[in-house]
Every structure is written in C-alpha cells, then in structure tokens.
Amino acid sequence: MDVLGQDKREVFGLRTNSHTGTLLFSLVALILLLSSLYAAEASVFKKARETAMETASPILKLFSGPIGWIHDRVGDVGDYFRVLEQNKALREENAALRQWEEEARSLRAVISALEELDAYEAPPTIKPINAFVIGEANEAYAHSMIVNAGAKAGAAVGYAAVDERGMIGRLVSVSNNASRILLLNDIQSRIPVFVEGSFVEGLLVGRSTSNPTIAITMLANGARIEPGQRVVTSGAGGVLPRGLTVGVVSKVTDKEAVVELAADYARTRLVRIISYEFPQIDEIEQGAESQSTSAPNQSAVERSDDQPAPQAQAAAATAPPSPDEGD
Amino acid sequence: MASRAENLARIARAATPTLLGVFGAFMLAAPLRLFEGAVATPLIPLVVVYFWSLYSPGHLPAASIFFIGLLQDLLSGGPLGLWPAVYLAVQYVAISQQSYFLGRETHVVWMGFAVAAASVSIILWLFMSLMSATLLPLGGLVFQMLTTIAVYPLFAVAFGNLHRRVIIEV
C-alpha cells in the first residue's frame, strides 16, 4: 500500500512545485488570450472553435436529451397547477387568432390578385433547416446557443435562426454537424431592423442584458419610435431576410429604444435556421447598364429599389386590424 | 493482470478532479436552464479548481486547469485563454494561501471561496468591459457568482468525501 501511494506521488507529481506549472500555464493562457484578441477571426482560432464544437456536439447531445426529458416532466407538473388560467389565456388567444385568420384570408386574396400581374416576380424562397438546441453558453457575458445542424444540413455563417416566437439570433460558427447561434442580446450582436408603424430603420445592438436596444444616434427619425411598435428584421446589408419578427419596443429614451424580444431564450428548444439567398442586386445592375433597353432587367432594378415600399404598405395594412375589410 | 487493473484504477482516481472539472465545463455548455432559466448555472469548474488547489494541488495540475478553462472558452465561444487565465490565477492564490486555510472550519474556507469568486467577477467584468469598450451590466455575473457561492458547501462536502474515500484511499 505504501509503495502504491509512493508511486502515485511520483507519477502524478503530488510533490512538484505547483507554482512553476501555474505560472508557466498562466503565461501560455495570457499569450493565447492576447493573440486571440488581436486576431479574433484568425483561421486557427476559428478552426479550433469549430473542431471543439464538432467534437463536443455528441457529448452535448447526450447531456441535452435527459435535460429535455426532465424539463418536459417538470413542465407537465407545473401545467396541472395552471390548467384553468392557461385555458382562459388560450381561449382569449384563440379568439384573437380567429380575427387574424379572417384578415389573413382576405390578404391572401389580395396577394393572389397581385401575383397575377406581369411585373410580379416571386421573392426568393426561404428554405428552413430544423435543429435542436443542444448547448448554450451559460456565462454572464456570452450569449450563444449550439444547435445540432451544421454545414451538412446546409447551414452557413450569417443565416438567421428563429424559434416559434421570433428571431433568436444569427449563425456565427458552423461545423459539419453543429452550429453556434449568436443571440440577439450578446454584446457582439448587431442586426439591421425596421420599426413598423414609425418606418424607422436602425441597428439592434446587444447589451448583454435580456433586452437589446436600437441605438437612436444612428437613426434619422428616432423620435418617431414609440413603445408598442413591432420590430422586424429590415434585410439591410443583404444578410438576413426581411420581415422576421424580432420583438416589440418596450421603452424609448433619448439615446436608445429598448426592444423586448419575441423569443424566450429560456424556452427555445427547436430552432429553424433560415437559409436565404439574397437577390444579387449588383449583378442585375451591371446587366442593366450593359443592356439598358431590356425590360426584365429594368423591372428587376426597379423592384430592388422599391423593395421597402411593398413592405411598408403591408405594415401599414396590418397596423390597424380591420377584419371586415375582406367582406 | 491485477496490477494493470490496479494501475488503471489509480489513474482513474488521479484523473477524477480533472474529469470533474471537464464535466463542470460541459454542464456550463448544456441547456440546463434551472427553474425555467430563473437560476444561473453555477460555475462548477471554479469550485473544482478552488477545492483541489487548496486541499491537494497535485491532483489538479496546472495543465489540467488550463485544459478545463480552454474547453470552457471553446464551448462558450468567448475569447480563448480567458478562463484558463482566471482559473490559474485562482489556483495560484489558493496554493499561496494553503497554509492559512488547511485545517480551518468549512465556513472559513467557504468565505475564502466567496472572496475568490468576487475577485474573479471583478476581473471578468473589467476585462469584458474593456474588450467591448462599454460598461457591461453586472447583474447576470453577480447572480451567477452568488449561485456558485451558494452551492459551494454542497459541492465541498461531496468533493471532500470523494477525495477522502476514493481519490487518496488506495
């Protein structure tokens, strides 16, 4: 027994001078930290992150399975105690949804009539990729989630991710079978948004709190933003599709408008990654310059210029709910 | 054959603290969402690092701590090297204060952990604020550290038993 203990001491270094190792590895850590800050997007670090995510994803899947199961059971138990109030809330929601259904039907009729027009060109189709949340960063200053769909499923960096309530974030790192979503409230998150009702475009900036804000200093008409207005993605910059639900303006100050997100990160489990091919405006414009007389190209240019207008009309149409319009 | 099995068992025992730290890092990356997300996930690796640096630094060498921290950085997507540096700093301080804390009552060691967690919070907050060039909100971080401090005694008892009965018992 004594011999074994002695062995262990020698083999695992129980008696080594630990300060030396600590200092040595601290130095390595600091150098790594400085270099990763200096070149955050360097391919080495990117590759390391992707490899780590890919390697860890089976383990995270293994963890998230039982966690999800327990959450379901706990949620079920909680539901039994709230059946009555939930029932009432659902009834009310159902009544409101019926009105919306009516309106959606009438709008669909209008849209199909518009689609008959020759000038109409179908917008690029959105192909969603379904994925489960298998991990998330539980740190105070890192807000991200890992989902179990990656490059093999068609995901790519920059794609938007939504859950059943609204947009949750944007893909920042994609490996073969897993991707990382940077959530909208992360300090690094910047999303071009559009405030419905006040027709203001702005940048949604993560503040590392639960609610991100729209910086008003960047805006032309920030004063028009009012609490209660809906915020959707604007599609500016050509990365995200236009019109994804982001949230509702909850508070407006001189400098910024606080947005309450539609997504509830504590409940997000199933995520849809939206792979969106943005129309290539540059190519069309070049084509239009070379053969300015050709009609299809010209109409395409006009369409790309006028893109905000139909959306704004749609927004204006949806703002005052008028269910009897279709009758 | 028996000696090989013994060897394996010995290695497994010696690697237990490291594996616990790795497990803690994975827990931080798992969608735990305690109480429907109302409670932050405790920083188990911090407890592991503090505990073993104090009671038996040889079982948790600096290389292990570096690896645990790096894993946490890689999984959370933050700047690489931040958590290794933080954990190694905790180890350095814990080892240098070992002579004071060893043999003290558990609540004294717990207070020591609270001080360590507070220092870590300040370092993290300063660093992240500096990096993002704004004063970041402290709420989430303080809440997470308080959760960690609150669960420390539970883990300390569990780790203490583990250490006494499994790791050093040969």
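Residue numbers start from 1 in every chain, and the chains themselves are labelled A, B, ... in the order their sequence lines are given, proteins ahead of strands. The model shown is predicted, which means the values in this text are computed figures rather than measured ones.
Only the backbone of A:Ile134 comes within less than 4.5 Å of a heavy atom in chain B; its side chain stays farther off. Both the backbone and the side chain of B:Met27 come within less than 4.5 Å of a heavy atom of chain A. With a 4.5 angstrom heavy-atom cutoff, A:Ser208 touches chain B via backbone and side-chain atoms both. With a 4.5 Å cut-off on non-hydrogen atoms, A:Tyr141 touches chain B through its backbone and its side chain both. When heavy atoms are compared at a cutoff of 4.5 Å, A:Arg267 approaches chain B by way of both its backbone and its side chain. Interface residue B:Leu70: only side-chain heavy atoms are found under 4.5 Å from chain A. Heavy atoms closer than 4.5 Å to chain A are found nowhere in B:Ala40, neither backbone nor side chain. Looking at A:His71, the atoms closer than 4.5 Å to chain B (heavy atoms on both sides) all sit in the side chain, from C-beta outward. Heavy-atom distances place the side chain of B:Trp83, and not its backbone, under 4.5 Å from chain A. Within the 4.5 angstrom heavy-atom criterion, no atom of B:Ser53 approaches chain A. In this structure, no portion of B:Phe143 lies under 4.5 Å from any heavy atom of chain A.
Counting non-hydrogen atoms of other residues, nucleotides and ligands closer than 6.0 Å to CG of A:Leu84 gives a total of 12 or fewer. Other residues, nucleotides and ligands place more than 12 heavy atoms under 6.0 Å from the CZ atom of B:Phe101. Within a 6.0 Å radius of CZ in A:Arg272, other residues, nucleotides and ligands contribute 12 heavy atoms or fewer.
Heavy-atom minimum distance, B:Ala30 versus A:Ile67: CB-CD1, 3.8 Å. Between B:Gly140 and A:Ala140, the shortest heavy-atom contact is C-CB, 4.0 Å. B:Ile95 and A:Thr22 make their closest contact through CD1-OG1, 4.4 Å (heavy atoms, listed as atom of the first residue, atom of the second, distance).
B:Ser76 contributes atom OG, which lies 8.5 Å from atom CZ of A:Arg49 (distance to the nearest 0.5 angstrom).
In terms of heavy-atom pairs under 4.5 Å with chain B, the best-connected choice from A:Ser26, A:Ala52, A:Ala142 is A:Ser26. When the candidates B:Leu136, B:Asp73, B:Leu43, B:Leu82 are compared by the number of heavy-atom contacts under 4.5 Å with chain A, B:Leu136 comes out ahead. Note: A:Ile59 leads A:Leu27, A:Thr209, A:Val133, A:Ile59 in heavy-atom pairs under 4.5 Å with chain B. Interface summary for chain B: among A:Met145, A:Arg207, A:Arg180, the most heavy-atom pairs under 4.5 angstrom belong to A:Arg180. The greatest number of non-hydrogen atom pairs below 4.5 Å with chain B, out of A:Thr268, A:Leu34, A:Ile31, is found for A:Thr268.
Contact of the A:Leu23 side chain with the B:Leu88 side chain is not registered, since no non-hydrogen atoms from C-beta on lie closer than 4.5 Å. Annotation: side chain of A:Leu33 is in contact with side chain of B:Phe127 (closest heavy-atom distance under 4.5 Å). Using a 4.5 Å cut-off on side-chain heavy atoms (C-beta onward), A:Leu32 and B:Phe66 make contact.
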CA sep, side-chain torsions, deciding dist, call: A:Glu139, B:Gln144, side-chain hydrogen bond (donor to acceptor under 3.5 Å, both in side chains): CA-CA 8 Å; A:Glu139 283 172 29; B:Gln144 186 172 33; over 6 Å; no
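Taking the six-membered ring for Trp, B:Phe67 and A:Phe25 have ring centres at least 6.0 Å apart.
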